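Small disclaimer: the values here were computed from a predicted structure and weren't measured. The figures here come from the full heavy-atom set of this structure, side chains too, leaving out hydrogens, waters and symmetry mates.
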Amino acid sequence: DFDFDINQISITPDREKVVDFSQPYYTAPQAVVTAKNSEFANAETFADLEGATVGVQIGTTSLDAVSQVMQPAEDPKVFNDSNDVVTALKQDQVDAVVVDLPTAFYVTAAQVPNSKIVGQFSAPGGDSFGLLLEKDSELTECLDQAIAALEESGQLEQITNKWMGAAA
């Protein structure tokens, strides 16, 4: 049981059919992560990733971004969860993975230290994170007001800059 979840959850129309979201509190770009010694480690454009095997998690905005924006010549390798995506990168089953930027920071800092972020790009329609609640939750409006107050006071920007700004 929980009242709400704050956990890098992307607001999508399909998800909004079955749950409530607060107003967005952060919009994340997508990131491409490769091994530092990969032949694709110096890629600067999608064309530079031509021939790369890309890994991505099923059911994510990252998969939508790969399919709709990157449009690789080969279909990406799709994995059941984020752990499988990370394992694929570690074991050289893929040349690159696409995840949202906050996840990319964690992947490169903690999960695959010999990896690097080679680029960022916007997801189709943006990739905004919101607090997740039960459908028709009585708390949704209250949380929207709290996020709006944080935004109006400048605190939301301060939090974002502290934890994401310099690196992003």
> Can you name the one residue among Asp92, Val97, Val98 that meets side-chain contact (heavy atoms from CB on, under 4.5 Å) with Val94?
Replying inline: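 Exactly one candidate clears the test, Val97.
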
Among Ile11, Leu131, Ile147, side-chain contact (heavy atoms from CB on, under 4.5 Å) partner for Pro24: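 By the side-chain contact (heavy atoms from CB on, under 4.5 Å) criterion, Pro24 pairs with just one of Ile11, Leu131, Ile147: Ile11.
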
Without swapping roles, check the side chain of [X] against the backbone of [Y] for a donor-acceptor pair under 3.5 Å.
X	Y	value
Gln57	Ser82	yes
Lys77	Thr53	no
Asp48	Thr45	yes
Asp144	Gln23	yes

[X] with [Y], same ILVMFWY side-chain cluster at under 4.5 Å:
X	Y	value
Val118	Val33	no
Phe21	Leu139	no
Tyr26	Ile117	yes
Phe105	Val107	yes
Val69	Val99	no

Compare all side-chain heavy atoms of [X] with those of [Y] and state whether any distance is below 4.5 angstrom.
X	Y	result
Tyr25	Ile6	yes
Glu138	Asp3	no
Ser10	Arg15	yes
Val112	Val86	yes
Leu132	Asn7	no
Val32	Leu49	yes

Euclidean distance, [Y] [atom2] relative to [X] [atom1], rounded to 0.5 Å:
X	Y	atom1	atom2	value
Thr34	Asn114	OG1	CG	9.5 Å
Gln155	Lys162	CD	NZ	12.0 Å
Ser115	Asn37	OG	CG	10.5 Å
Thr12	Lys17	OG1	NZ	9.0 Å

Please name the pair of heavy atoms, one in [X] and one in [Y], separated by the smallest distance, quoted to 0.1 Å.
X	Y	value
Asp81	Asn83	OD1-N, 3.0 Å
Gly59	Leu63	N-CD2, 4.1 Å
Phe79	Gly55	CE1-CA, 4.0 Å
Leu101	Ala31	CD1-CB, 4.0 Å
Pro76	Val56	CB-CG1, 4.0 Å
Pro102	Phe129	CG-CE1, 4.1 Å

Test log, rule side chain to side chain contact (heavy atoms under 4.5 Å, CB included), inputs Phe121 and Met70:
CA-CA 9 Å; Phe121 64 100; Met70 283 183 72; 3.8 Å; yes

Is it the case that the side chains of Thr140 and Asp20 hold a donor-acceptor pair, with the cut-off being a distance below 3.5 Å and no angle test?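 A donor-acceptor contact under 3.5 Å links the two side chains.
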
Note to self: Tyr106: which residues meet the ring pair (Phe, Tyr, Trp, His ring centres under 6.0 Å) condition with it, sequence neighbours left out?
What the structure shows: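 Counting only residues at least two positions away or on another chain, Tyr106 forms no ring pair (Phe, Tyr, Trp, His ring centres under 6.0 Å).
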
Check: Among Asp127, Thr60, Asp100, which one satisfies side chain to side chain donor-acceptor pair (under 3.5 Å) with Gln30?
Finding: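 Checked Asp127, Thr60, Asp100 against Gln30; only one passes side chain to side chain donor-acceptor pair (under 3.5 Å): Asp127.
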
Return yes when atom [atom1] of [X] has more than 12 non-hydrogen atoms of other residues, nucleotides or ligands closer than 6.0 Å, and no otherwise.
X	atom1	answer
Glu50	CD	no
Glu16	CD	yes
Gln68	CD	yes
Ile58	CD1	no

